Amino acid sequence: MSDVTPFIEEPRPTRAAAVIPAAGLGLRLGPGAPKALRPLGGTPMLVHAVRAMARARAVALVVVVAPPEQVTLVRSLLDEHPPPPAVDQLVVAGGATRQESVRLGLAALPEDIGVVLVHDAARPLVPVETVDAVASAVRSGAPAVVPALPVTDTVKAIAKPGAPGEPEPVVATPERALLRAVQTPQGFDRATLLAAHDAATSDLATDDAGLVERMGVEVVLVPGHEEAFKVTRPLDLLLAEAVLARRRINDGY
Ligand code: CTP
Ligand code: MG
């Protein structure tokens with residue numbers, strides 16, 4: 001008699017959660033509230049990002065990682081702008097670095113989540129098609145999926161950052177056709193992402209897929225979208241306002 005019981009084996013959980021790191025200060029945007037709370041078209045950037053993720057078919061839960069001092073404020077903001085009824089949301093306090101904030105968001109995930117999408121609050125205008133494409137690539141079996149675009153600028157490498165304003169010697173010019181600029185949401189099989197964060201030895205990763213790569217697990221790129229750009233500097237905010245205004249005219253967004 002065999003004790004192999006394939007028909008009652010637990011299915012791989014496929015409910016997807018979006019973890020939204022939103023605890024950054026937004027220093028490069030200039031003085032003001034934490035970036036995720038700054039308005040875009042009159043609504044906090046974070047609310048746009050949560051909506052973009054909650055609209056995706058796969059997403060059943062949104063975990064917002066808020067600035068530690070603003071957890072209560074973020075909870076009431078999200079109550080004012082509730083997600084569709086099928087989507088749950090949670091707010092947890094973030095940490096000193098993006099990586100730490102993501103880790104704190106992951107710690108809040110319930111057991112039945114099998115797929116995790118990590119999405120920057122600072123990319124409020126990501127189209128739902130991009131979110132769906134990332135989620136479905138993970139559901140089809142890829143452990144780590146990243147939306148990316150070809151770079152338009154030629155990129156130079158330097159040995160180390162110089163003092164502000166000082167000339168910096170160039171050490172290499174990587175072939176532009178082989179470079180991609182990556183965006184979020186980055187999608188992962190839950191166990192893979194948790195293992196990658198557990199294995200991280202420094203707190204310097206600027207994206208989650210980088211941690212997965214370091215474990216030797218394959219990361220694949222799928223097409224990103226121009227409108228998934230990150231609001232980093234003041235000019236990005238102007239662009240985001242323009243994109244939003246165009247959407248409002250075109251489709252009553
Ligand atoms: N983030 C976070 N916790 C941190 C730092 C960053 O959750 N301690 C989040 C930001 O809120 C943002 C995303 O990570 O949604 C990407 O980070 P970035 O664009 O660098 O945002 P900030 O760190 O807020 O901006 P800056 O670096 O200009 O201060
Ligand atoms: Mg930052």
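For reference, positions follow the sequence shown, starting with 1. None of these values were measured; they are calculated from a predicted model. Both counts, for ligands and for their atoms, begin at 1 and track the order of listing.
The side-chain contact (heavy atoms from CB on, under 4.5 Å) test with D208 is passed by exactly one of E213, Q186, Q99: Q186. Each of V134, V59, V138 was checked for a side-chain contact (heavy atoms from CB on, under 4.5 Å) with V115, and the lone residue meeting it is V138.
Contacts between T97 and ligand 1 below 4.0 angstrom, taking non-hydrogen atoms only, involve the backbone exclusively. Within the 4.0 Å heavy-atom criterion, both parts of R98, backbone and side chain, lie near ligand 1. In A96, the part holding a heavy atom less than 4.0 Å from any atom of ligand 1 is the backbone.
The line from CG of D132 to CZ of R139 is 9.5 Å long, rounded to the nearest 0.5 Å.
Between K156 and E168, none of the side-chain N atoms (NZ, or NE/NH1/NH2) sits under 4.0 Å from a carboxylate O, so this pair counts as no salt bridge. Comment: R246 engages E227 in a salt bridge, judged by a side-chain N to carboxylate O separation of less than 4.0 angstrom. Between K230 and D236 there is no salt bridge, since no side-chain N of the basic residue sits under 4.0 Å from a carboxylate O of the acidic one. D198 and R103 are not joined by a salt bridge, as no carboxylate oxygen comes within less than 4.0 angstrom of a charged side-chain nitrogen.
Annotation: P21 places an N or O atom under 3.5 Å from an N or O atom of ligand 1; distance criterion only. Residue R28 has at least one N or O atom closer than 3.5 Å to an N or O atom of ligand 1. Polar contact check, A22 against ligand 1: a nitrogen or oxygen pair lies under 3.5 Å apart. Checking only distances, A121 does come within under 3.5 Å of ligand 1, N or O to N or O.
Counting heavy-atom neighbours within 6.0 Å of E80 CD, excluding the residue itself, gives a total above 12.
Residue-ligand proximity, S101 to ligand 1, at heavy-atom distances under 4.0 Å covers atoms 2 (C), 3 (N), 4 (C), 7 (O), 8 (N).
Annotation: atom 26 (P) of ligand 1 to nearest protein heavy atom, L27 N, 3.5 Å. Annotation: atom 21 (O) of ligand 1 to nearest protein heavy atom, K35 NZ, 3.2 Å. With hydrogens left out, the protein atom closest to atom 22 (P) of ligand 1 is G26 N, 3.7 Å, a heavy atom. The shortest contact between atom 7 (O) of ligand 1 and any protein heavy atom is with A23 N, 2.8 Å. Scanning all protein heavy atoms for the shortest distance to atom 16 (C) of ligand 1 gives D120 OD1, 3.6 Å.
Hydrophobic clustering (side-chain heavy atoms under 4.5 Å, transitive across Ile, Leu, Val, Met, Phe, Trp, Tyr) keeps V128 apart from V47.
Using modelled atom types, no side-chain atom of Q89 and backbone atom of L61 make a donor-acceptor pair closer than 3.5 Å.
For the residues G30, G24, G94, G95, the heavy atom positioned nearest atom 8 (N) of ligand 1 is part of G95. Taking only non-hydrogen atoms, the option from R38, R233, K230 nearest to atom 19 (O) of ligand 1 is K230.
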